[in-house]
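Notes follow once the structure below has been shown.
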Amino acid sequence: MSKSPRRLRRGELPVDTTELAQFLIGKTLVRDHPQGRMTGRIVETEAYVVGDAACHAFRGETPRNRALFLERGHAYVYFIYGCWHALNVCGEVAGVGAGVLVRAIQPIEGIEIMRSRRDGQRDVDIARGPGRLATALDIDRRLNGTDLCADGPLWLAGSLGPAGRIARSRRIGLSREIDRKLRFFESDNPHVSGPRAP
DNA sequence: TCACTGATCGTCT
DNA sequence: GACGATCAGTGAG
């Protein structure tokens with residue numbers, strides 16, 4: 001079955017990280033996994049931009065954040081709080097460290113596979129939040145550096161339908177740069193994590 | 001429904 | 001040695 005739309009080309013992705021964060025709302029994330037294909041509609045993102053003290057790349061390149069400096073459209077996967085992984089899409093040009101945290105998806109295809117990994121959670125909670133999303137799609141550091149615009153285990157595809165109304169707010173869970181409004185989400189979508197109000 | 005907290009470990013200071 | 005782009009469970013109101 002090929003419910004998924006076509007793969008996104010790198011040339012279609014905005015170079016600017018903030019624009020990329022908005023662009024990705026409503027697009028499709030595809031996980032080709034040994035157990036089967038899982039897809040979801042991206043409903044919530046956050047931009048971590050150049051010169052942003054909350055961005056992992058702010059203090060320069062290290063072994064941990066190296067993938068964040070890849071050309072836009074690559075995956076940066078990191079491990080946090082000793083428990084969770086989170087998925088970012090690199091922004092900007094090669095050598096510049098910036099990216100978009102994918103915070104939530106609306107499960108579309110392979111929901112049973114995701115649910116089994118998420119211990120039978122309700123559909124709305126399966127991938128609501130970056131740690132839950134990574135768990136549901138079996139994303140870990142093996143996928144760090146993956147090209148999301150190429151054939152592989154994880155890639156980006158176009159929209160399945162028009163995006164809903166996109167709202168903007170402060171980012172979640174930060175202690176620095178807390179006033180920057182770089183979180184984008186579909187305001188009427190129940191699969192979004194955190195507060196719905198700007 | 002909201003606020004608070006422990007879990008847990010890789011990374012950098 | 002401290003802390004973090006989180007989550008689930010608990011208890012109070």
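Protein chains get the first letters and strands the later ones, always in sequence-line order, with residue 1 at the start of each. Since this is a predicted model, take the numbers as computed values, not measurements.
In this structure, the salt bridge (charged side-chain N to carboxylate O under 4.0 Å, His left out) partners of A:Arg171, at least two apart in sequence or on a different chain, are A:Asp52.
Phosphate proximity of C:dG4 to A:Arg176: absent, as no side-chain N or O sits under 4.0 Å from OP1 or OP2. The shortest distance between the side-chain N/O atoms of A:Arg132 and the OP1/OP2 oxygens of C:dA5 is not below 4.0 Å.
Partner of A:Glu186 under the salt bridge (Lys or Arg N to Asp or Glu O under 4.0 Å) criterion, out of A:Arg165, A:Arg103, A:Arg41, A:Arg168: A:Arg41 alone. The salt bridge (Lys or Arg N to Asp or Glu O under 4.0 Å) test with A:Glu12 is passed by exactly one of A:Lys27, A:Arg6, A:Arg7: A:Arg6.
Put simply, the side chain of A:Tyr81 and the base of B:dA7 share no donor and acceptor less than 3.5 Å apart.
Taking atom CG on A:Asp52 and atom P on C:dG4, their separation rounds to 15 Å, with Å as the unit. Computed from coordinates, the A:Leu68 CG to B:dT11 C1' distance equals 15 Å when rounded to whole Å. The nearest whole Å value for the distance from the NE2 atom in A:His85 to the P atom in B:dT8 is 15 Å. When rounded to the nearest whole Å, the span between CG of A:Asn144 and P of B:dT11 equals 10 Å. A:Tyr78 places its OH atom 18 Å from the P atom of C:dC3, with the value rounded to the nearest Å. Residue A:His56 contributes atom NE2, which lies 16 Å from atom P of C:dC3 at whole-angstrom precision. One interatomic measurement links the two molecules: CD1 of A:Ile178 to P of C:dA5, which rounds to 13 Å at whole-angstrom precision. Rounded to whole Å, atom C1' of C:dG4 lies 13 Å from atom CZ of A:Arg59.
With its ring centre under 5.5 Å from that of the base six-membered ring and a plane angle below 30°, A:Tyr48 counts as stacked on C:dA5. Here A:Trp84 does not pack flat against the base of C:dT6, since the 5.5 angstrom centre distance and 30 degree tilt limits are not both met.
Residue-level contact check: A:Ala54 touches the bases, meaning some heavy atom is under 4.0 Å from a base atom. Within the 4.0 angstrom heavy-atom criterion, only backbone atoms of the sugar-phosphate kind lie near A:Arg118; the bases stay farther away. The residue A:Arg171 sits apart from the nucleic acid: no heavy atom pair falls under 4.0 Å. When heavy atoms are screened at a 4.0 angstrom cut-off, A:Gly131 is found touching the sugar-phosphate backbone but no base atom.
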What pairs of donor and acceptor atoms, side-chain ones from residues 82-92 of chain A against any protein atom, are under 3.5 angstrom apart with sequence neighbours left out?
{"unit_1": "A:Asn88", "atom_1": "ND2", "unit_2": "A:Tyr76", "atom_2": "O", "d": "3.4"}
{"unit_1": "A:Glu92", "atom_1": "OE2", "unit_2": "A:Thr17", "atom_2": "N", "d": "2.9"}
{"unit_1": "A:Glu92", "atom_1": "OE2", "unit_2": "A:Thr17", "atom_2": "OG1", "d": "2.8"}

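Between A:Asp125 and A:Arg118, no side-chain nitrogen of the basic residue sits less than 4.0 Å from a carboxylate oxygen of the acidic one, so the salt-bridge criterion is not met. For the pair A:Arg37 and A:Glu109, the salt-bridge criterion is not met [side-chain N within less than 4.0 Å of a carboxylate O].
In DNA chain C, the stems built from three or more successive Watson-Crick or G-U pairs (distances below 3.5 Å) are B:1-7 with C:6-12, B:9-12 with C:1-4.
Distance from the side chain of A:Arg141 is smallest for B:dG10 among the nucleotides B:dA7, B:dG10, B:dC12. Closest contact between the side chain of A:Ile80 and the listed nucleotides C:dG4, C:dC7, B:dG10 involves C:dG4.
Position along DNA chain C of the nearest nucleotide to A:Ser175 versus A:Gln121 favours A:Ser175 as the more 5'-ward residue. Each of A:Leu133 and A:Phe79 was matched to the nucleotide of DNA chain C holding its nearest heavy atom; the match closer to the 5' end belongs to A:Phe79.
Between A:Leu68 and A:Cys55 the shortest heavy-atom distance is CD2-SG, 4.1 Å.
In this structure, the side chains of A:Phe79 and A:Arg141 come closer than 4.5 Å at one or more pairs of heavy atoms.
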